[in-house]
Amino acid sequence: MESIPPILAKPPTPAKIKKRNRRIFIFLIVGFVIVLLLGISFFRKRDPVITVQTEKVARHDITEIVVANGKIQPVVEVHISPEVSGEIIALPVKEGQKVKKGDLLLKIKPDFYIAAMKQAEANYESSLAAADSATASLEKADADFQRNKELFARKLISESDYIGFKVARDVARAQLESATNQVNMAKASVDSAKDSLDKTTIVSPINGTISQLNSQLGERVLGTVENAGTDIMTISDLNNMEARVNVGEMDVVLIQPGQKAKLEVDSFHDKKFTGIVTDISNSSGANSRSVASLASSAQNSSGDVTQFQVRIHVNEQEFFRPGMSVTANIETRYRTNVIGIPIACVTTRLPKDKSKPAGDAKTNSISSATTNTNSAGKKSDDKKGPTEVVFVVNGDRTKMVPVKIGINDDNYWEITDGLTGGEEIVTGSYRAISRDLEDGKRIKKGLAGFDVEKTP
């Protein structure tokens, strides 16, 4: 039997073809929408919306302040040290006691100095007697010379005898001169011994208060004649006080005598005081302190913080004690009705490298920080460092504007160039200003704490 051929498939009907094409079209539409959404999401991630706070530029009065720390000290302060050594046998004062000029402060045992003065007086009397004897010897020698001079003129004595009498007179005259000098030396010794004896009694040189007493009755002290001397006590005029503060070398050039200052004394935290700058030291001297002494030994680094002492007279009278801690806010420079913006608004940016794509801010910042060199290996002369900028609101984007700053106080920078007033600038957040914002970035006004919005 012959095989029967298979039955041929029926061709698709127009309805099935139309249904299949519709499915393909729907799949294409869905795929296109998905790709479109992915593209939008991708580009939105590349250009995020940054949430910021803004403020209008206005004019302000700005006072530049230099802050310095130091101690309250009397304007007049006298350290009492003896000029002679010995044992303290009288000390009628105590710490905190008020004294007047001429009051007895202490007395040193005078026995040694009394004996020294008596010995000097005896030497003086002896030198006077020696001078009288030399005077008599000179008178006799001169008389002998005059008599023998006449005899020599009449050829009654020899020339050698005449010369002998002349030499004897000259020797007697020299002995008298030496005796006179001995008298003067002995008189000076008497005066010195008397002066040393007088210095065993010490009186107050000023009206003031015993602010510090370092020695006790019966203690032996060293004089300042040949030694550093013992610092027995300190007398201070507590009615006239000043603040002595240390100012760094960068700020001391801004300070001048006569400038006003506001003072905060730790012991009087509920009171404010005022003062006037009276003196600025010309050299750092002993006010410099080594940073290495404050740093850890593991850091292996050292440096000097150079400071200058500034004295500020305190206008108000209060029961200050020497050594109280004080903080001085010295008003150095003033500006009235100038363009001022909050300090947080100003930041720095490196100039962009025009040879790099403008959209890659990170690449531009890195490349601008890299030092360009020419074929000879020298640095390019047209390379600039970081520039102070602010971000001005321009619609929903920012415009980075370079500015020049002047003085500042606790709240505002003075703007000398770049802004005219009335512009709306970005004032926060700190992260947005310091890191996120660049020229042309998309922004929206919002609350602090929401820096970047990555969703539509």
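Predicted model only: the values in this text are computed from it and were never measured.
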In this structure, CD1 of Ile114 is separated from NZ of Lys109 (nearest 0.5 Å) by 10.5 Å

Given 3.5 Å as the limit, does a donor-acceptor pair link the side chain of Arg397 with the main chain of Gly440, or not? yes

Rounded to the nearest 0.5 Å, the NZ atom of Lys260 sits from the CG atom of Asn329 at a distance of 14.5 Å

Between Asn207 and Lys101 (side chain of the first, backbone of the second, donor and acceptor by atom type, cut-off under 3.5 Å), is there such a pair? yes

key: Verdict with reasoning, Val190 to Met185, per side chain to side chain contact (heavy atoms under 4.5 Å, CB included)   = CA-CA 9 Å; Val190 171; Met185 290 176 61; over 6 Å; no

TODO: For the residue pair Val57 and Ile339, establish whether any side-chain heavy-atom pair is separated by less than 4.5 Å.
DONE: yes

Rounded to the nearest 0.5 angstrom, the CD1-CZ distance for Ile433 and Phe391 is 8.0 Å

**Prompt:** Between Thr234 and His79, is any side-chain donor less than 3.5 angstrom from a side-chain acceptor?
**Reply:** yes

field: Side-chain heavy atoms of Met233 within contact of Leu91, under 4.5 Å
entry: yes

Kindly determine whether Lys271 and Val265 satisfy side chain to side chain contact (heavy atoms under 4.5 Å, CB included), including the steps that lead there. CA-CA 8 Å; Lys271 292 184 179 181; Val265 182; over 6 Å; no

| query | Salt bridge or not for Glu438 and Arg349, using N-O below 4.0 Å? | reply | yes

Does atom CZ of Phe112 have more than 12 heavy-atom neighbours from other groups under 6.0 Å away?
-> no

In terms of heavy-atom contacts, Thr278 and Ile312 come closest through OG1-N, 4.3 Å

Side chain to side chain donor-acceptor pair (under 3.5 Å) pairs touching residues 80-92, sequence neighbours excluded, are Glu83-Lys199

Output for pair (Ile80 CD1, Leu105 CG), nearest 0.5 Å, gives 6.0 Å

The reported gap from CD1 in Ile341 to OH in Tyr412 (rounded to nearest 0.5 angstrom) is 10.5 Å

inquiry  = Any heavy-atom pair between the side chains of Pro257 and Ile280 that's under 4.5 Å?
reply    = yes

What side-chain donor-acceptor pairs closer than 3.5 Å can you find for residues 124-131, not counting sequence neighbours?
residue, atom, partner, partner atom, Å
Ser127, OG, Asn123, O, 3.3
Ser127, OG, Tyr124, O, 2.6

* Would a 4.5 Å heavy-atom cut-off, applied to side chains only, mark Ile89 and Pro110 as touching? -> yes

Between Glu242 and the options Arg311, Gln73, Lys71, the side chain to side chain donor-acceptor pair (under 3.5 Å) test singles out Arg311

Contacts satisfying side chain to side chain donor-acceptor pair (under 3.5 Å) that involve residues 54-65 (not counting sequence neighbours) are Thr54-Glu424, Glu64-Thr332, Glu64-Arg333

**Prompt:** Does Gly421 offer a backbone N or O that forms a donor-acceptor pair with the side chain of Glu423 under 3.5 Å?
**Reply:** yes

Check: Are more than 12 heavy atoms from other residues, nucleotides or ligands located less than 6.0 Å from atom CG of Asn282?
Finding: no

d(Thr200 OG1, Ile88 CD1) to nearest 0.5 Å is 12.0 Å

**Request:** Using a strict cut-off of less than 4.0 Å between a Lys/Arg side-chain nitrogen and an Asp/Glu carboxylate oxygen, indicate whether Asp170 and Arg173 qualify as a salt bridge.
**Result:** yes

Are any non-hydrogen side-chain atoms of Val93 and Val99 less than 4.5 angstrom apart? yes

Q) Phe273 and Phe320: aromatic ring centres closer than 6.0 Å? A) yes

*asked:* Assess whether a salt bridge exists between Glu388 and Lys404, defined as any Lys/Arg side-chain N lying under 4.0 Å from an Asp/Glu carboxylate O.
replied: no

With Asp251 as partner, the option from Val67, Ile65, Ile330, Val66 fulfilling side-chain contact (heavy atoms from CB on, under 4.5 Å) is Val66

Dump the intermediate steps for side chain to side chain contact (heavy atoms under 4.5 Å, CB included) on Gln309 and Asn246, then the final yes or no. CA-CA 5 Å; Gln309 188 179 85; Asn246 294 324; 4.2 Å; yes

- prompt: Can you find a pair of side-chain heavy atoms, one from Leu419 and one from Val403, that are under 4.5 Å apart?
  reply: yes

| field | Check: Gln97 side chain, Lys94 main-chain N or O, donor-acceptor pair, under 3.5 Å | value | yes

Here the pair of heavy atoms bringing Thr230 nearest to Ser215 is CG2-OG, 4.0 Å

Result for side-chain contact (heavy atoms from CB on, under 4.5 Å) between Lys272 and one of Lys262, Glu264, Glu316 points to Glu264

Original post:
Ignoring hydrogens and geometry, is there a side-chain-to-backbone donor-acceptor pair from Thr398 to Val393 under 3.5 Å?
Top reply: no

Evaluate the side-chain proximity of Leu437 to Ile443: yes if any heavy-atom separation is below 4.5 Å, no if none is.
yes

Review point. So, the side chain of Ser325 versus the backbone of Asp266: is there a donor-acceptor pair under 3.5 Å, distance only?
Key: no

On a heavy-atom basis, the closest approach of Val401 and Gly418 is CG1-O, 3.6 Å

Between Pro74 and Asp237, the two heavy atoms sitting closest are CB-O, 3.8 Å

Between Ile235 and Ile210 the two heavy atoms that sit nearest each other are CG1-CD1, 3.8 Å

Check against side chain to side chain contact (heavy atoms under 4.5 Å, CB included), Glu95 and Ser211:
CA-CA 6 Å; Glu95 191 166 318; Ser211 58; over 6 Å; no

Looking only at the side chains, is there a donor atom on one of Ser204 and Asp103 sitting less than 3.5 Å from an acceptor on the other?
no

Nearest heavy-atom contact between Thr224 and Gly229 is CG2-CA, 3.8 Å

